[in-house]
Each structure stands twice: as C-alpha cells, then as structure tokens.
Enquirer: 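My structure is below; once you've seen it, I'll send some questions.
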Amino acid sequence: MKRRHSYALVWVCAFHITGFMNGFENKVLNFIKEQEMTKPGDMIVVGFSGGADSTALLTVLWELRAILKISLTAVHVEHGIRQDSMADADFAGDFCRERGIDFVLVREDVPAIAAAEHLTEEEAGRKVRYSAFDRIVKEKGGSRIAVAHHENDVAETLLFNLIRGSSLHGGASIRPVRDNIIRPLLCVSRKEIEEYLAGKCQSYCTDSTNLENIHHRNIIRNRILPLLEKELNPRATEHLARAAEDFRQADLFVQKAADEVYDRIVSADGGKLSFDRAELLARPEIIGRNLVLKCIEQLSGSVKDISFAHISSVLDLAKTDGGCGMVNLPYGITARRVYDRIEFYIPGKDISAEPGEIPIEAGKEETQIEIPVLGKVAIQVFPYKNQTNIPTDAYTKWFDYDRIHSVVFRTRRPGDVIAIEQGGELRFKQLSKFMTDVKIPVYDRDRLYILADGDQVIWVPGYRMSGAYKVSKTTGNVLAVNVIDGGNLNG
C-alpha cells in the first residue's frame, strides 16, 4: 500500500482554514437535503476504508456535521487480504482520533469466508462490510449507513451490467437512498473528490489491488472509462451517470406497470405463483419481462443472478403452444407451463407454517422472549420524556404504548391492515398488498411474525412500522422492542 499525499496551493489551504464551506461541500450538502438523507439528531455510521472516496465522504460529513446536526461513527473493516492492510487501519484510526470521530475497527478473514461460502473475495468482502455496518448501527443506536459511491461508480456499474447482458433494470442508477443506506457522493465525480482532498491538503490510502486489471470492474475503471474520456468525450463518465439515472426513472415506471399487472393476474397458492399465459402475452414484452422477474424475486428474495437469458427462456416457454414444458432457474426455482398457465415454484421447499400467537407482557423491567424465526427480542415500557433520539434502525423500534389496546407477536391473518403515512395523512393498506409491494418473498410471508394490535399491524420487523403507533409529543409511555439475537428473518 502506498499512501499518497496531495498538496494544493497555499491559498487553497488557507481558504479551508477560515472555516467557510467550499463548493464541493455545498454541492454535497444540497444533494443530502434534496434526497432527504438525514435529519437532525441522526447518528451516521460511515464506511471508512481510508481510500480517497471514503476519506472524502467522512471529511465532508465531518465538515457538515453542525449544519446537519448529526454525529458520526467511522467503521473500518480490515479484510485480511493484503499484508499491508493494517497500515490502512492505522491511517483510518489516526484520522478519526485527530477529529474526535468515534472509530470502530473490525477485522475479518475474508479469504477464509470466501472459500467457506464459495464466494469471490469481492463478494465476501462486501458481505462482511455490510454485515459489520448493520451490526454497529444496531449497537450504537445509529440511523443511517453512509457509503462512498460516486458518479464514476454509477458509470462503471452501467457499463458492467450492459456488457454482461442486463437490460433496463440492470442499467438503472445506484440509488441515493435505499433502506437505511445513503450515498451522499453520488452527485460528484472521482476527479472532484481528488480535487477536494487536494484542496484540504488531505492524504489518503491507495489500495494497490484497485490498480490491478484482473477484475472486470477494474478494467472498466482503469482502462475503458479513461479511454472514452480521452478519445470520445471528456464528459463521458458524467453522461453515462446521467443516462443511468434516466434508466432508473424508466425502470421505476415499468416496474410500477408490471406490479399492477402482477396484482391483477398472478395468484399465490402456498409457495407457488401462477398466471394465465395469455395474460402475459397480451402485454408489451418489457412488461412481461418485469412480471417474470417479479415472480422470481417474490420466491427467492433476490434477482442478482437472473440474466436476460433466464427471462427470455420463461417468455419462450409461454409463447410455445402445447401441453407442458419446464425451465430451471437460479435459486432452485422451476418455471413450468401447464397447458395455459405458467407456474413458478421451488421443488421440495416446505413453506407451510402453523399460525402462531405470542402475547406480550410488557413492564418497566426489560423482558426477553424468543420469537420463532425472528429470534430473541427485548421488550420494555417506560415513560416518554420528549427524548429526541428516537431509534430509527430496523432492529429497534419505539411505539406509543398509550395507543395500543392489546399487543401480540403473531403470524399474519386475513384482514390485517397497516397504516402508511402519505402526504401527511395515514392511509390503511392491506398487509397482503404491503408484503407484495415491499417484495417479501412468498415463502416468508406466512412464517414472518408481526407485532399486532387486533387486526392492525404495529410493526413488520425489518420492513415498516405503522404510522398510527409512532411516538409523538402527546405520548405518555413508550413500548420499546429490540431484536437482539435475530433469526433468519431478523430485520
């Protein structure tokens, strides 16, 4: 690892010392506000490798902390891949100590994890990082996870996905906000990041593996994009990123249309999804592709390994006249044609679950109970004194106890509804429709334990709490529920 120091003109450094916000910081601030990434009182867990991107991210958030009224915890994950990687950890620790930023070092043997789980080191590293971020958000009572993706990453992802055969969905831009993950640097390029660090006279680490053209992404980053900018258009990266955002907007539009078709024609029977093939063929093919993709996602919870060829094979199955046919898909899913119907299912998967109900006896003293599938849950009631740091992460929730008549953890029932806040009003949605909208896999829906008050859903762990039970200024007592040892559906 070679640590690079970048120095700008003395007057640039002097400008920084005056404390005035520079153009980069103003641009990022406006983007954070535009995308509603933070709110006052948030504690942000920042992924901090020590490289240029994450150093710029942590620096700009630290500079904006007073304006945004946020606090920061930096998390450095040492992967154990490079012999000199501890030098990066030392740099990250020193950077944070100099600024009084809370710092957490996580050490993992990524090569061993990759070998054990049959993943590439890149996949295992990403899994380890986000697992660490999620755990520390929970432990620290954080609100958001900030990562350092920027404009060049968007362009790289677009090219990478298009080259490997993705269509509109794969070309979509990286989202600025997804669940509790925020990406404040998506509005800036790598060049702007390097200029910002130079203007701050701020050094950073350079991972030598990023310069090796042995991974597809590195080839795009180090060879293809620079060639496009040099030979075709110096703003090629910017234009690709803008196109990716257009793809994202178009993809959202098509997905919405496909969701409406899904709700009208797809029926679920246990773990099997099916529809009339004539209904599929009557729609534009791009809607049909997204409908097939949605069926796969409902069963598997993921479409990462689904390619254009997989979707095409299902469409070809639907177009073929005759009796029966079958296609094997990733995630153990089978798609088959049975005369006029197309079915999706996972052979041999037992998804049945006996409906269960676990009453909650909440008191001033914390109690712990075991919830099937979800895991160990801590429950407590205490007086609300207008605290400002109300937990917002997926693992810990506060509810207005005074509004609850009876509270139980149970599996879903017909007639369950959840209150969703829209435009400042509460609107009730059928739980079954909500589960479809947020893409809870079909085989998880009957196993997932929800927190309920009669037929009103208080909380779907890992997905959403009801707007009707939120803590407010009139709250007298709080019901605190914390998943402390989650199971398969821990959220």
Enquirer: Side chain to side chain contact (heavy atoms under 4.5 Å, CB included) between Leu225 and Leu228: does it pass, once the steps are laid out?
Expert: CA-CA 5 Å; Leu225 278 178; Leu228 291 176; 4.2 Å; yes

Enquirer: Working note: Glu245 + Arg248, criterion salt bridge (charged side-chain N to carboxylate O under 4.0 Å, His left out); need CA distance, chi angles, decisive distance, verdict.
Expert: CA-CA 5 Å; Glu245 177 58 21; Arg248 187 176 76 86; 3.0 Å; yes

Enquirer: Check whether any side-chain heavy atom of Ile265 lies under 4.5 Å from a side-chain heavy atom of Leu291, and answer yes or no.
Expert: yes

Enquirer: Decide yes or no for Val154 and Leu158: does some side-chain heavy atom of the first lie under 4.5 Å from some side-chain heavy atom of the second?
Expert: no

Enquirer: Are Glu421 and Leu426 close enough that some pair of their side-chain heavy atoms sits under 4.5 Å apart?
Expert: yes

Enquirer: Hey, is the main chain of His150 close enough, under 3.5 Å, to the side chain of Asp153 for a donor-acceptor pair?
Expert: yes

Enquirer: When you look at Asp53 and Tyr204, which way does the side chain to side chain contact (heavy atoms under 4.5 Å, CB included) test go after all the steps?
Expert: CA-CA 9 Å; Asp53 303 339; Tyr204 53 87; over 6 Å; no

Enquirer: Kindly indicate whether the side chain of Phe275, heavy atoms from C-beta on, has any atom under 4.5 Å from the side chain of Val261.
Expert: no

Enquirer: Roughly how far apart are Ile145 CD1 and Thr73 OG1, rounded to 0.5 Å?
Expert: 11.5 Å

Enquirer: Count the heavy atoms of every other residue, nucleotide or ligand shown that sit under 6.0 Å from NZ of Lys27, and state whether that count exceeds 12.
Expert: yes

Enquirer: Do you know which of Arg336, Arg277, Arg337 makes salt bridge (Lys or Arg N to Asp or Glu O under 4.0 Å) with Glu343?
Expert: Arg336

Enquirer: Is the backbone N or O of Arg235 less than 3.5 Å from a side-chain atom of Asn233, with the two atoms forming a donor-acceptor pair by type?
Expert: yes

Enquirer: At their closest point, which heavy atom of Val147 faces which heavy atom of Pro184, and how far apart are they?
Expert: O-CD, 3.8 Å

Enquirer: If you count every heavy atom of other residues, nucleotides or ligands that lies below 6.0 Å from Lys470 atom NZ, does the total exceed 12?
Expert: no

Enquirer: With no hydrogens and no angle check, do the side chains of His76 and Asp88 hold a donor and an acceptor under 3.5 Å apart?
Expert: no

Enquirer: Please determine whether a side-chain nitrogen of the Lys or Arg among Arg410 and Asp416 lies less than 4.0 Å from a carboxylate oxygen of the Asp or Glu.
Expert: yes

Enquirer: Hey, are Gln255 and Asp251 close enough side-chain-wise for a donor-acceptor pair under 3.5 Å?
Expert: yes

Enquirer: At what distance, to the nearest 0.5 angstrom, does CG of Asp340 lie from CG of Asp321?
Expert: 9.0 Å

Enquirer: Look at Glu285 together with Lys319 and state whether they make a salt bridge at an N to O cut-off of under 4.0 Å.
Expert: yes

Enquirer: Please indicate whether Glu36 has more than 12 foreign heavy atoms, meaning atoms of other residues, nucleotides or ligands, lying under 6.0 Å from its CD.
Expert: no

Enquirer: So do the side chains of Arg413 and Glu357 get within less than 4.5 Å of each other, counting heavy atoms only?
Expert: yes

Enquirer: In terms of side-chain heavy atoms, does Glu229 have a donor or acceptor partner in Thr237 at a distance below 3.5 Å?
Expert: yes

Enquirer: Quick one: is the NZ or CZ of Arg289 closer than 6.0 Å to the six-membered ring centre of Phe308, and within 45° of its axis?
Expert: yes

Enquirer: When rounded to the nearest 0.5 angstrom, what is the spacing between CD in Gln35 and CZ in Arg183?
Expert: 11.5 Å

Enquirer: Using a strict 4.0 Å threshold on nitrogen-to-oxygen distance, state whether Glu297 and Lys294 make a salt bridge.
Expert: no

Enquirer: Determine yes or no for a side-chain-to-main-chain donor-acceptor pair under 3.5 angstrom, with Glu192 supplying the side chain and Ser189 the backbone.
Expert: yes

Enquirer: For residues Val104 and Lys140, determine if any side-chain heavy atom of one lies less than 4.5 Å from a side-chain heavy atom of the other.
Expert: yes

Enquirer: Take Val438 and Arg464 through the test side chain to side chain contact (heavy atoms under 4.5 Å, CB included) and record every step on the way to the result.
Expert: CA-CA 9 Å; Val438 299; Arg464 183 183 285 271; 5.8 Å; no

Enquirer: Give a yes or no answer on whether the side chain of Thr55 reaches the backbone of Gly50 with a donor-acceptor pair at less than 3.5 Å.
Expert: yes

Enquirer: Is the NZ or CZ atom of Arg129 both under 6.0 Å from the centre of the six-membered ring of Phe133 and within 45° of that ring's axis?
Expert: no

Enquirer: So Phe48 and Val75, side chain to side chain contact (heavy atoms under 4.5 Å, CB included) or not? Walk me through it.
Expert: CA-CA 6 Å; Phe48 184 36; Val75 179; over 6 Å; no

Enquirer: Give, for atom CE of Met37 and atom CZ of Arg144, the distance between the pair rounded to the nearest 0.5 Å.
Expert: 10.5 Å

Enquirer: Which of parallel (below 30°), tilted (30 to 60°) and perpendicular (above 60°) describes Phe24 and Tyr196?
Expert: parallel

Enquirer: Any side-chain heavy atom of Ile182 sitting closer than 4.5 Å to one from Ile32?
Expert: no

Enquirer: Hey, what do you get for CG (Leu431) to OG1 (Thr436), rounding to the nearest 0.5 Å?
Expert: 9.5 Å

Enquirer: Can you see whether Ser313 engages His310 through a side-chain donor-acceptor pair at a distance of less than 3.5 angstrom?
Expert: no

Enquirer: Has Asp42 got a side-chain atom pairing as donor or acceptor with Ile44's backbone, closer than 3.5 angstrom?
Expert: no

Enquirer: Kindly compute the distance separating NZ (Lys376) from CG (Asn482), expressed to the nearest 0.5 Å.
Expert: 12.0 Å

Enquirer: With a 3.5 Å distance limit and no angle check, can you tell me whether Lys138 reaches the backbone of Val483 through a side-chain donor-acceptor pair?
Expert: yes

Enquirer: Verify, without hydrogens or angle tests, whether Arg412 (side chain) and Leu448 (backbone) share a donor-acceptor contact under 3.5 angstrom.
Expert: no

Enquirer: Is there a side-chain contact between Ser267 and Arg341 (heavy atoms, below 4.5 Å)?
Expert: yes

